[in-house]
2 protein chains.
Amino acid sequence: MIVRFREKRMQLSKGFDYAVRSLVFLALLSDGASAELRTIAESQNIPLSYLAKVMRNLVRGGLVSSTLGRDGGYCLRRAPEEITLMQVYAVIEGEMRLVECMEDQKNCMFYKGCTQVSVWHKLKNAVEEIFRETTLKDLLPQPTGEQRLTQLKEKERKYARAGA
Amino acid sequence: MIVRFREKRMQLSKGFDYAVRSLVFLALLSDGASAELRTIAESQNIPLSYLAKVMRNLVRGGLVSSTLGRDGGYCLRRAPEEITLMQVYAVIEGEMRLVECMEDQKNCMFYKGCTQVSVWHKLKNAVEEIFRETTLKDLLPQPTGEQRLTQLKEKERKYARAGA
DNA sequence: ACAATCATGGAGTTAGTGACTCCACAATTG
DNA sequence: CAATTGTGGAGTCACTAACTCCATGATTGT
């Protein structure tokens with residue numbers, strides 16, 4: 001039996017979710033390294049040929065670069081902190097439209113008297129602001145206490161060497 | 001040819017939009033007055049029998065009351081400033097779920113390492129905050145300059161009488 | 001009491017599209 | 001040249017928002 005997502009509105013698409021996950025995966029690679037489609041798909045449990053489409057959009061959008069042939073794959077084009085969710089959203093979904101008449105109000109039959117459109121815009125702005133201020137870096141898993149301790153020691157050693 | 005809404009994610013349902021429009025319509029009636037389904041539907045260009053369903057939800061949700069029989073119809077149960085968009089959303093759409101694994105993270109295969117869910121929650125909170133702070137009153141059309149002038153004169157006359 | 005008028009309830013129907021698949025093709029490299 | 005990798009696009013499928021229909025129940029004026 002396939003358990004499915006009871007659909008309610010205001011939800012994000014899987015494509016967008018997949019894109020973000022994949023980008024985070026790429027961001028976690030030691031810098032500059034690339035990963036093939038299959039690796040990403042398997043690690044993130046994303047259907048391979050569907051992810052192909054998503055990645056193509058990311059390539060077209062300039063967020064990742066792809067190399068063909070043996071040892072090919074995808075890698076980030078910019079540092080994680082320079083890639084915002086807004087950019088990802090724009091690449092995957094385009095312009096955000098909460099309602100039909102969001103920008104082309106001429107089509108809206110309530111053109112003149114419509115008082116709600118301002119609220120929808122406020123909503124859109126709030127969402128986009130969060131998208132704009134959230135970068136891939138914010139989505140990277142925080143180092144555990146142990147890891148942070150290691151980093152600290154590393155730093156200390158550096159300072160010690162610098163002082164010597 | 002039927003022109004249709006190019007669907008992009010993060011959009012609000014028509015049901016919700018219809019609900020809000022209808023409530024605003026009711027709020028504009030001189031207080032206590034009720035309007036029948038047909039009146040609302042026609043004024044707002046909403047398919048009659050679809051609106052019936054929406055209104056039923058609003059009744060069940062306690063936002064409007066309905067009276068059957070001749071001269072029946074719907075009217076607001078509370079003052080416009082006491083009805084928030086959040087309440088309307090809850091009645092029409094239920095709990096907001098931006099992604100599948102929003103609350104039942106056990107189902108999420110990335111349970112442990114998932115760093116994005118916090119962003120989705122931030123998003124949800126931002127949207128819900130706007131919904132919570134926006135009431136029907138905020139959606140009522142502002143009086144035009146002319147109307148405001150009339151109101152002002154009305155007030156002056158009152159004061160004049162009071163002074164006399 | 002009755003008929004007109006109103007909402008209620010629930011079982012359809014439909015079109016659109018998000019999510020996913022498949023396959024042929026193009027580029028790269030050992 | 002053969003293996004490996006991404007590209008491109010047409011095609012499929014299931015789900016559901018949006019909408020319809022009809023039978024039923026409540027209320028009120030006459």
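Chain letters run A, B, ... following the sequence lines, proteins first and then strands; every chain starts at 1.
- The phosphate of dA19(C) (OP1 or OP2) has a side-chain N or O of Arg9(B) nearer than 4.0 angstrom.
- One atom, CZ of Arg60(B), and another, P of dA7(C), lie 15 Å apart when rounded to the nearest Å.
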*Show the numbers, then the answer: is there a side-chain hydrogen bond (donor to acceptor under 3.5 Å, both in side chains) between Ser13(B) and Glu93(B)?*
CA-CA 9 Å; Ser13(B) 72; Glu93(B) 309 274 17; 2.4 Å; yes
With a 3.5 Å cut-off and sequence neighbours excluded, list the donor-acceptor pairs that the side chains of residues 47-61 of chain B form with protein atoms.
none

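- As a whole-Å value, the separation of Met55(B) CE from dA18(D) C1' is 18 Å.
- When the P atom of dA18(D) is taken as reference, atom CZ of Arg21(B) falls 13 Å away, rounded to whole Å.
- Put simply, CZ on Arg97(B) is 13 Å from P on dA17(D), counting in whole angstrom units.
- Scanning for side-chain hydrogen bond (donor to acceptor under 3.5 Å, both in side chains) contacts around Ser34(B) gives an empty result, with sequence neighbours left out.
- Considering only residues two or more places apart in sequence or on other chains, Asn125(B) meets the side chain to side chain contact (heavy atoms under 4.5 Å, CB included) condition with none of them.
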Listing, residues 65-86 of chain B side-chain donor-acceptor contacts under 3.5 Å, not counting sequence neighbours, or none:
unit_1, atom_1, unit_2, atom_2, d
Thr67(B), OG1, Gly73(B), N, 3.3
Arg78(B), NH1, Glu82(B), O, 3.2
Arg78(B), NH1, Gln87(B), OE1, 3.2
Thr84(B), OG1, Met86(B), N, 3.4
Thr84(B), OG1, Gln87(B), N, 3.2

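- Between Phe131(B) and Phe16(B), the angle of the ring planes lies from 30° to 60°, which puts this pair in the tilted group.
- Judged by distance alone, the side chain of Thr134(A) and the main-chain N or O of Ile130(A) form a donor-acceptor pair under 3.5 Å.
- Atom CZ of Arg56(B) and atom P of dA18(D) are 16 Å apart (whole Å).
- Residue Val20(B) comes nearest to Gln116(A) through the heavy atom pair CG1-OE1, 2.9 Å, listed as atom of the first residue, atom of the second, then distance.
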Close N/O contacts between protein and nucleotides 20-23 of chain C (under 3.5 Å):
unit_1, atom_1, unit_2, atom_2, d
dC20(C), OP2, Tyr18(A), OH, 3.0
dC20(C), N4, Lys53(A), NZ, 2.9

Each nucleotide N or O in nucleotides 3-5 of chain D that has a protein N or O under 3.5 Å away: list the pair and distance.
unit_1, atom_1, unit_2, atom_2, d
dT5(D), OP1, Glu36(A), OE2, 3.0
dT5(D), O4', Gly69(A), O, 3.2
dT5(D), O2, Gly69(A), N, 3.4

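- Distance CD (Glu100(B)) to P (dT16(D)): 11 Å, rounded to an integer number of Å.
- Here Phe25(A) pairs with nothing under the ring-ring contact (aromatic ring centres under 6.0 Å, His included) rule; sequence neighbours left out.
- Partners of Ala33(A) under the side chain to side chain contact (heavy atoms under 4.5 Å, CB included) rule, at least two apart in sequence or in another chain, are Leu29(A), Ser30(A).
- Within the 4.5 Å cutoff, no side-chain heavy atoms of Lys124(B) are placed close to those of Met10(A).
- Taking atom CG of Leu58(B) as the reference point, atom C1' of dT8(C) lies 14 Å away to the nearest angstrom.
- With the 3.5 Å cutoff on both pairing distances, Watson-Crick and G-U pairs in DNA chain C assemble into runs of at least 3 at C:1-30 with D:1-30.
- Atom P of nucleotide dT16(D) and atom CD of Glu93(B) are separated by 13 Å, given to the nearest angstrom.
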